[in-house]
Amino acid sequence: MDLGLAGRRALVTGAGKGIGRGTVKALHAAGVQVVALSRTRADLDSLVLECPGVEPVCVDLGDWDATERALGSVGPVDLLVNNAAVALLQPFLEVTKEACDTSFDVNLRAVIQVSQIVARGLIARGAPGAIVNISSQASQRAITNHSVYCSTKGAVDMLTRVMALELGPHKIRVNAVNPTVVMTPMAQANWSDPQKAKAMLDRIPLGRFAEVENVVDVILFLLSDRSSMTTGSTVPVDGGFLAT
């Protein structure tokens, strides 16, 4: 299926690793001009070597003012993937203020801020656009020690719907992708315990965790005009986890 993305300009956050890096590489291969945002310079340097022409932006999205400066002159963006996130796992009774602040700053507040910057630019140009927020199956199911992470992703789902409602009249579509555990470095760190992994796998009808490309394929579809009547949706890529 030709997604017709060539010639557009995209911004991907959390671009250094995992789903974000896979998305950048796929968009670059599809002829998209990509702005890759990460807080880790070494990841951006290696990404630019892999994908010549990608525009790197190094900033910590937890810092509102620094993000505003970094993206203030980013230029026209047609497509946005809000992928950057942290997963700070603590038992509910041990949740700290620092974990709350960092998680909500990066997982939710930065989605609002970056989306505002991109949407304002689209509206000023009178151009249509597409935004994909990377949520999680954890937005809709309780998972032990994930109280803060689940809360941020639940908020991302609702934010996606409100953004779709308010930005739709400007021809800007907004959707979320809700993966199960994806075999990224972050997931490998959090799900390396075989007993913990088995408990999750037993709840997934397909019996396996997702690979990065499983999620990237859905992201690209939602960015493309092939999904032109889809907005305000939360799309599971979960092997059936949410169906059980």
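In this structure, the separation between CZ on R173 and CD1 on I131 is 10.5 Å, given to the nearest 0.5 Å. Taken from CG in L108 to CD1 in I112, the straight-line distance is 4.5 Å, to the nearest 0.5 Å. Annotation: the span from N178 atom CG to S135 atom OG amounts to 4.0 Å, rounded to 0.5 Å. For the atom pair N175 CG and L223 CG, the distance stands at 9.5 Å (nearest 0.5 Å). Of the inter-residue distances, the one linking M200 atom CE with R203 atom CZ reads 5.5 Å to the nearest 0.5 angstrom. Between atom CG of residue L206 and atom CG of residue D238 there is a gap of 8.5 Å, rounded to the nearest 0.5 Å.
H170 contributes no side-chain N or O that, together with a main-chain N or O of G168, makes up a donor-acceptor pair within less than 3.5 Å. Looking only at distances, a side-chain donor or acceptor of K153 sits under 3.5 Å from a matching main-chain atom of I134. Side chain of N82 to main chain of N133: no donor-acceptor pair is present (N/O by atom type, distance under 3.5 Å, no hydrogens or angles). Not one N or O on the side chain of R141 forms a donor-acceptor pair closer than 3.5 Å with the backbone of F241. Side chain of S233 to backbone of T230: no donor-acceptor contact under 3.5 angstrom is found. Side chain of S224 to backbone of R226: a donor-acceptor contact under 3.5 angstrom is found. Between the S103 side chain and the C100 main chain, no donor and acceptor come within less than 3.5 Å of each other. In this structure a side-chain-to-backbone donor-acceptor pair under 3.5 Å is present from T231 to V174. With hydrogens and angles disregarded, no donor-acceptor distance shorter than 3.5 Å links the side chain of T102 to the backbone of A99. A distance-only check finds no donor-acceptor pair linking the side chain of R120 to the backbone of S115 [under 3.5 Å].
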Taking only distance into account, with no hydrogens and no angle test, what donor-acceptor pairs under 3.5 Å do side-chain atoms of residues 211-222 form with protein atoms, sequence neighbours excluded?
{"from": "N214", "atom 1": "OD1", "to": "E211", "atom 2": "N", "distance (Å)": "2.9"}

Enumerate donor-acceptor pairs with a distance under 3.5 Å from any side-chain N or O in residues 49-65 to protein atoms, sequence neighbours excluded.
{"from": "E50", "atom 1": "OE1", "to": "K25", "atom 2": "NZ", "distance (Å)": "3.1"}
{"from": "E50", "atom 1": "OE2", "to": "R21", "atom 2": "NE", "distance (Å)": "3.4"}
{"from": "E50", "atom 1": "OE2", "to": "R21", "atom 2": "NH2", "distance (Å)": "2.7"}
{"from": "E55", "atom 1": "OE1", "to": "R9", "atom 2": "NH2", "distance (Å)": "2.7"}
{"from": "E55", "atom 1": "OE2", "to": "R9", "atom 2": "NH2", "distance (Å)": "3.4"}
{"from": "E55", "atom 1": "OE2", "to": "Q33", "atom 2": "NE2", "distance (Å)": "3.1"}
{"from": "D60", "atom 1": "OD1", "to": "G62", "atom 2": "N", "distance (Å)": "2.9"}
{"from": "D63", "atom 1": "OD1", "to": "D65", "atom 2": "N", "distance (Å)": "3.2"}
{"from": "D63", "atom 1": "OD1", "to": "A66", "atom 2": "N", "distance (Å)": "3.0"}

In a table with atom names and distances, give each donor-acceptor pair under 3.5 Å that connects a side chain of residues 87-94 to protein atoms at least two apart or in another chain.
{"from": "Q90", "atom 1": "OE1", "to": "T96", "atom 2": "N", "distance (Å)": "3.1"}
{"from": "Q90", "atom 1": "NE2", "to": "T96", "atom 2": "OG1", "distance (Å)": "3.4"}

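Looking at heavy atoms from C-beta onward, L11 lies in side-chain contact with V118 at the 4.5 angstrom threshold. Proximity of Y149 to I143: side-chain heavy atoms (C-beta onward) are nowhere separated by under 4.5 Å.
Looking at D101 and R109, no side-chain N of the basic residue comes within less than 4.0 Å of a carboxylate O on the acidic one, giving no salt bridge.
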What's the verdict on side chain to side chain contact (heavy atoms under 4.5 Å, CB included) for M163 and I172, showing C-alpha distance, side-chain angles and the deciding distance? CA-CA 9 Å; M163 288 171 63; I172 301 170; over 6 Å; no
Output, in order, the C-alpha distance, side-chain angles, deciding distance and verdict of side chain to side chain contact (heavy atoms under 4.5 Å, CB included) for F209 and V182. CA-CA 6 Å; F209 292 143; V182 183; over 6 Å; no
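In this structure, L80 is a member of the same hydrophobic cluster as I123, with clusters built from ILVMFWY side-chain heavy atoms closer than 4.5 Å. Residues V74 and V12 do not share a hydrophobic cluster, clusters being chains of Ile/Leu/Val/Met/Phe/Trp/Tyr side chains in contact below 4.5 Å. Cluster membership check: V81 shares its hydrophobic cluster with V24, using side-chain heavy-atom separations under 4.5 Å among Ile, Leu, Val, Met, Phe, Trp and Tyr. Tracing side-chain contacts under 4.5 Å through hydrophobic residues (I, L, V, M, F, W, Y), one reaches V111 starting from V77; they form part of the same cluster. Placement of L71 and L79 in two distinct hydrophobic clusters is found when ILVMFWY residues are connected by side-chain heavy-atom separations under 4.5 Å, directly or transitively.
Within 6.0 Å of CZ in R39 there are 12 or fewer heavy atoms belonging to other residues, nucleotides or ligands. Heavy atoms of other residues, nucleotides or ligands lying less than 6.0 angstrom from CZ of R125 number more than 12.
The only option from T234, T160, D157 that meets the side chain to side chain donor-acceptor pair (under 3.5 Å) definition with S139 turns out to be D157.
Between the side chains of N107 and T152, at least one donor N or O sits under 3.5 Å from an acceptor N or O.
When every heavy atom of L44 is checked against every heavy atom of A36, the shortest pair comes out as CD2-O, 3.4 Å.
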